[in-house]
Number of protein chains: 2
Amino acid sequence: MPFTYEYPHPAVATDIAVFTLRRGALNVLLIERGAAPYLGAWALPGGFLQPDEELDECARRELLEETGVDADLLLHFGNFSAPDRDPRERVISVAYLALLASDELRLEASTDAAQARWFAVGDLPELAFDHAEILRRALEVLGSRARTISPLFALLPARFTLSQLQGAYEAVTGEEAEKRNFRKMVASLGCVSETDDFAHGSHRPARLYEAAS
Amino acid sequence: MPFTYEYPHPAVATDIAVFTLRRGALNVLLIERGAAPYLGAWALPGGFLQPDEELDECARRELLEETGVDADLLLHFGNFSAPDRDPRERVISVAYLALLASDELRLEASTDAAQARWFAVGDLPELAFDHAEILRRALEVLGSRARTISPLFALLPARFTLSQLQGAYEAVTGEEAEKRNFRKMVASLGCVSETDDFAHGSHRPARLYEAAS
DNA sequence: TGACTTAGTGTCGTCAATACACGAACATGC
DNA sequence: GCATGTTCGTGTATTGACGACACTAAGTCA
């Protein structure tokens, strides 16, 4: 029996919610759309799946093309398939989230995007399409996974103080943590190892840690 | 700027791993393919997304059409997008899992499927496409979510004994549980309430419980 | 050199999870 | 009807995890 699939194929795209910490606050990367629809509106970076490309690859490529940011760890967290979510034609959105250390970042908007910018998650502009909903879901997933700590390393430089790690944890979960209990938890997880160096600020230096082998 | 999307659209399909308990063992519902490719091979039920249909709806509809089983609670757990995973054309698979009580089941194969059958997850046939991989991932996700108990109700009749609930828990996690500790856990979760009735077997009757309001 | 600020540590109480053994209730067979 | 067998159902003691709590240490800056 020959294959006949009588329905039109939808377009398939990825959208990526990239988070980082800036001045202790959780920020998300948005682009200003350079094309209709929603010309001039802010949106999550993303774009269409190409032939011979897996969805994960598509997400990484689109993010790099549109913002100059290369994220090697992308987590799929949901699909968005409302038939009218894109006014042009039917587009299935495959949503990813990523975490990045802010010292790795150099934003470069591409042709598709007029500009790329960080926004604190508590102070967001109106978003194009259903991206507000996608971002809301991304934040939910992020908060629920923060307790495993290890993803948080991606938000920090390679070497970090425990206070920085706690700050990342608090920014992602939205809850304050007890300093001593937090350190006990980190120690029991065994996912960091101390270095011989210290971060020098304006007060007592803090020991630097790194992700355990 | 007019919208032009120069790449061909892939087909989008859903595949569903439906689990139930039969004689205490976890079983998965498979269909025998009634069309090429993989004619005669066993596969997860599933099919193509239609216009004006959300992915969740597609999964429920395809399952019902192909097997006669209606699952109202479908959980998306991943996408499968290897470019060559379907020999006909590019097909993105959106994968779901569902749990059902075996007393709700009356299997009816449709035209697309020669027959539908339950297989113990420990004794599976060769599967079409990349469905072995999809099923493997479904089992991982299922095991990791069992600890919240509440999804397990779907595997059981409306009223069940605690021994049945524990059996479902053990079948899904693959680990044995201590009877008293399991009951304490269930009590502390507060997700079941006792009824005044008892299940009569060949020994001491067991109290029947139901999902808490 | 003194004041300020952040870094870093130990203890106790509570609660959750683990391990463990026995009496209760009913069905069945003699 | 009575003895036997099987599953149902419960309480306690121990352990480890988690949360609350206050102080000393080390360096900067004025």
Side-chain angles (χ1 to χ4, degrees), chain A residues 21 23-25 143-150 152-153 156-212, chain B residues 21 23-25 143-150 152 156-157 159-212:
Chain A
L21 289 177
R23 294 183 305 279
S144 69
R145 302 222 176 178
R147 287 163 200 290
T148 59
I149 293 291
S150 38
L152 296 180
F153 296 149
L156 298 174
R159 305 190 340 153
F160 48 85
T161 68
L162 292 183
S163 294
Q164 283 178 296
L165 183 60
Q166 182 173 346
Y169 180 86
E170 292 173 342
V172 168
T173 61
E175 298 167 11
E176 296 210 348
E178 283 290 320
K179 180 164 62 168
R180 271 159 295 196
N181 297 333
F182 180 81
R183 286 166 188 240
K184 266 187 294 189
M185 178 183 71
V186 170
S188 74
L189 289 173
C191 55
V192 302
S193 52
E194 67 178 35
T195 71
D196 293 331
D197 297 326
F198 292 82
H200 291 266
S202 58
H203 294 291
R204 174 174 173 177
R207 184 178 290 277
L208 288 169
Y209 290 78
E210 60 192 10
Chain B
L21 289 177
R23 295 182 303 280
S144 69
R145 302 220 176 180
R147 287 164 200 289
T148 58
I149 294 291
S150 40
L152 296 180
L156 298 174
R159 305 191 338 154
F160 48 84
T161 69
L162 292 183
S163 294
Q164 283 177 296
L165 183 60
Q166 182 173 345
Y169 180 86
E170 292 173 343
V172 168
T173 61
E175 298 168 11
E176 296 209 351
E178 284 289 321
K179 180 163 63 167
R180 272 159 295 197
N181 297 333
F182 180 80
R183 285 165 190 241
K184 265 188 294 191
M185 179 183 70
V186 170
S188 74
L189 289 173
C191 54
V192 302
S193 52
E194 67 179 34
T195 70
D196 294 330
D197 297 326
F198 292 82
H200 291 267
S202 59
H203 293 291
R204 174 175 173 174
R207 184 179 289 278
L208 288 169
Y209 290 77
E210 58 192 9

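Worth knowing before you read on, the calculation uses all heavy atoms, side chains too, and leaves out hydrogens, waters and symmetry mates. Letters go in sequence order (proteins before strands), and every chain restarts at 1.
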Rounded distance [0.5 Å steps], [atom1] in [X] versus [atom2] in [Y]:
X: B:Glu210; Y: B:Asp197; atom1: CD; atom2: CG; value: 9.5 Å
X: B:Leu21; Y: B:Glu170; atom1: CG; atom2: CD; value: 11.0 Å
X: B:Arg180; Y: B:Met185; atom1: CZ; atom2: CE; value: 15.0 Å
X: B:Thr195; Y: B:Arg207; atom1: OG1; atom2: CZ; value: 7.0 Å

Value in whole Å for how far the [atom2] atom of [N] lies from [atom1] of [X]:
X: B:Glu178; N: D:dA13; atom1: CD; atom2: C1'; answer: 15 Å
X: A:Lys184; N: C:dG10; atom1: NZ; atom2: P; answer: 11 Å
X: A:Asn181; N: C:dC12; atom1: CG; atom2: P; answer: 16 Å
X: A:His200; N: C:dA7; atom1: NE2; atom2: P; answer: 13 Å
X: A:Leu165; N: C:dT6; atom1: CG; atom2: C1'; answer: 17 Å
X: B:Glu175; N: C:dA19; atom1: CD; atom2: P; answer: 11 Å
X: A:Glu176; N: D:dC18; atom1: CD; atom2: P; answer: 20 Å

Would you name the heavy atoms of A:Ala168 and A:Leu156 that are closest together and state the gap between them?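 Scanning both residues, the minimum pair turns out to be CB-CD2, 4.2 Å.
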
Sugar-phosphate or base contact per nucleotide [nucleotides 1-10 of chain D; S, B, -; heavy atom under 4.0 Å]: ----BBBBBB

Between A:Phe182 and A:Tyr169, is the gap from one ring center to the other below 6.0 Å?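 So the answer is yes for these two rings.
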
